[in-house]
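These notes concern the structure reproduced below.
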Amino acid sequence: MNGTSRRKFLSHAGAAVMLGTMQPAFAQLSATAKTRLILLGCGGGPRPWRNGYPTSHVVLVNNSAYVVDCGDGVATQLARAGVALASLRHVFITHQHSDHNADYGNLLLLAWTAGLHDRVDTWGPPPLAKMTRLFFQMNDYDIKTRIVDEGRVPLASLVHVHELTKAGMVMQDANVKVTCTLVDHPPVRPAFAFRFDSLDLSIVFSGDTRRSDALVQLARGADVLVHEVVYVPAIDRLVARVPNAATLRNSIASHHTSVEDAGRVAEAAGVKTLVLSHFVPPDDPEITDQMWIDAARSTYQGRIVMGKDLLEI
Ligand SMILES: [Zn+2]
């Protein structure tokens, strides 16, 4: 996002919630930050469909990549976006649903095969540490083979896992400060929204949640809010296309946010730009872009962006 006025930084104090390995030392923020946000996957739900990918995003500051959510295809989408996989530095998982974590391990493994050799920190709810450990165990044969055959540095020791359990400070380095709040996405607990503050941009990712007052607080005054959206009149058509999911309709209705309510959250938080993403349904030809935008416009006066895979905001 170009031309954005510099926003007050460090406005969200909070307690450190890091668990696990040692947290990196806080650093002074770079005065030359130029922050970019690229949407990698904008669909909601883990089921593959014809055109598009489930949820993932990347924030880029000073050639460091901060990935938020790892839906199917995240490594491929980073490559298609022109982001060097070796620039991966931090990975954030909002919650442990497969449309947000299915390629978490693959992102680490495939970035490593693409030349990653620096430390990566990963942040998310339990059981992130177990998932990471078991993923490396599952892929032990390939990893060991490449270390010996291709002269690569060991992978597991590059990855430092931090399990998040409560709201507050997540991490800060020379590029960004990241804070989080608990959102409401039953039965998945904890589920988080993340806020990134750099010197030139503030970006909030809703994760998955029903309408959340905690998210309004986290997003207060942000430049950009990337919010999940459901087009409620289309849920019945979606459920009819998905066999073997007897309670899917109630599940969608009870723990997601309608596009109208996403607009209300953005309006209440006073954000400048609302990015619609995590579309549910992601593949209904009867819902046009204009229908999504009109529904959000009915409750929100600011700038609305229709999320698209590989779109830079
Ligand atoms: Zn979810």
Side-chain angles (χ1 to χ4, degrees), residues 38-58 67-81 91-110 124-125 127-128 131 134-135 138 183-189 191-193 205-210 226-259 261-262 275-289 291-292 295 306-311:
I38 304 175
L39 311 177
L40 301 173
C42 295
R47 162 186 61 94
W49 61 96
R50 183 182 292 267
N51 296 311
Y53 287 90
T55 298
S56 60
H57 323 82
V58 64
V67 168
V68 181
D69 281 332
C70 293
D72 173 37
V74 59
T76 297
Q77 290 296 85
L78 282 166
R80 293 180 69 202
V91 179
F92 303 84
I93 302 294
T94 57
H95 66 291
Q96 302 294 6
H97 257 155
S98 52
D99 48 335
H100 298 254
N101 69 14
D103 266 0
Y104 162 71
N106 283 333
L107 174 60
L108 300 171
L109 176 65
L110 301 179
L128 192 66
M131 292 164 61
L134 292 179
F135 180 85
M138 181 178 78
V183 290
D184 201 7
H185 190 50
V188 178
R189 298 185 182 87
F192 290 102
F205 300 92
S206 70
D208 282 9
T209 182
R210 54 190 175 199
V226 181
H227 203 303
E228 68 127 290
V229 289
V230 174
Y231 199 84
V232 174
I235 291 179
D236 286 332
R237 287 199 298 273
L238 167 65
V239 171
R241 293 196 300 275
V242 181
N244 191 29
T247 58
L248 181 60
R249 189 188 194 293
N250 284 343
S251 169
I252 292 170
S254 66
H255 61 227
H256 289 286
T257 303
S258 72
V259 62
D261 273 350
V275 178
L276 309 181
S277 189
H278 193 281
F279 295 98
V280 175
D283 58 347
D284 188 332
E286 295 186 37
I287 313 172
T288 65
D289 289 2
M291 290 164 71
W292 286 106
M306 180 73 185
K308 300 284 184 185
D309 293 6
L310 304 181
L311 178 67

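Every heavy atom of this structure was used, including side-chain atoms; hydrogens, water molecules and symmetry mates were not.
Residues that satisfy the side chain to side chain contact (heavy atoms under 4.5 Å, CB included) test with Leu110, not counting sequence neighbours, are Ala75, Asn106, Thr113. Every residue two or more places apart in sequence or in another chain that forms a side-chain hydrogen bond (donor to acceptor under 3.5 Å, both in side chains) with Tyr104 is listed here: Thr122, Thr132. Residues forming a side chain to side chain contact (heavy atoms under 4.5 Å, CB included) with Leu134 (at least two apart in sequence, or on another chain): Lys130, Gln137. Taking Asp261 as the reference, Arg211, Arg264 meet the salt bridge (Lys or Arg N to Asp or Glu O under 4.0 Å) condition, with sequence neighbours excluded. Residues meeting the side-chain hydrogen bond (donor to acceptor under 3.5 Å, both in side chains) test with His278, sequence neighbours left out: Asp99, His100, Asp208. Judged as a salt bridge (Lys or Arg N to Asp or Glu O under 4.0 Å), and not counting sequence neighbours, the contacts of Asp283 are Arg47, Arg241. Every residue two or more places apart in sequence or in another chain that forms a side-chain hydrogen bond (donor to acceptor under 3.5 Å, both in side chains) with Arg80 is listed here: Gln77. For Tyr231, the ring-ring contact (aromatic ring centres under 6.0 Å, His included) test picks out Trp292, with sequence neighbours left out. With sequence neighbours left out, Ala262 forms a side chain to side chain contact (heavy atoms under 4.5 Å, CB included) with His227, Val229, Thr257. Under the rule for a side-chain hydrogen bond (donor to acceptor under 3.5 Å, both in side chains), the partners of His97 that lie at least two apart in sequence or sit in another chain are His95, His185. The ring-ring contact (aromatic ring centres under 6.0 Å, His included) search around Phe205 returns His57, Phe196, not counting sequence neighbours.
Using a distance-only test at 3.5 Å, with no hydrogens or angles considered, no donor-acceptor pair links the side chain of Glu228 to the main chain of Ser206. In terms of modelled atom types and a separation under 3.5 Å, the side chain of Ser258 and the main chain of Val232 share no donor-acceptor contact. Using modelled atom types, no side-chain atom of Asp103 and backbone atom of Cys70 make a donor-acceptor pair closer than 3.5 Å. Listed for the Thr209 side chain is a donor-acceptor partner under 3.5 Å among the backbone atoms of Asp184.
Annotation: the span from Asp72 atom CG to Asn101 atom CG amounts to 11.0 Å, rounded to 0.5 Å. Taken from OH in Tyr53 to CG in Leu310, the straight-line distance is 9.0 Å, to the nearest 0.5 Å. Rounded to the nearest 0.5 Å, atoms CG (Asp69) and CD1 (Ile93) are 5.5 Å apart.
For the pair Ser277 and Thr55, the minimum side-chain heavy-atom distance is 4.5 Å or more. Taking 4.5 Å as the limit, every side-chain heavy atom of Leu311 sits out of range of all side-chain heavy atoms of Met306. Between Leu109 and Phe135, the closest side-chain pair of non-hydrogen atoms falls below 4.5 Å. When side chains are defined from C-beta on, Pro187 counts as touching His255, because their heavy atoms get closer than 4.5 Å.
The nearest pair of heavy atoms linking Gly43 to Pro282 is CA-CB, 3.9 Å. Val183 approaches Ala193 most closely through the heavy-atom pair CG1-CB, 3.7 Å. Taking both residues in full, the closest heavy atoms of Cys42 and Gly307 are given as SG-C, 3.8 Å, listed atom of the first, atom of the second, then distance.
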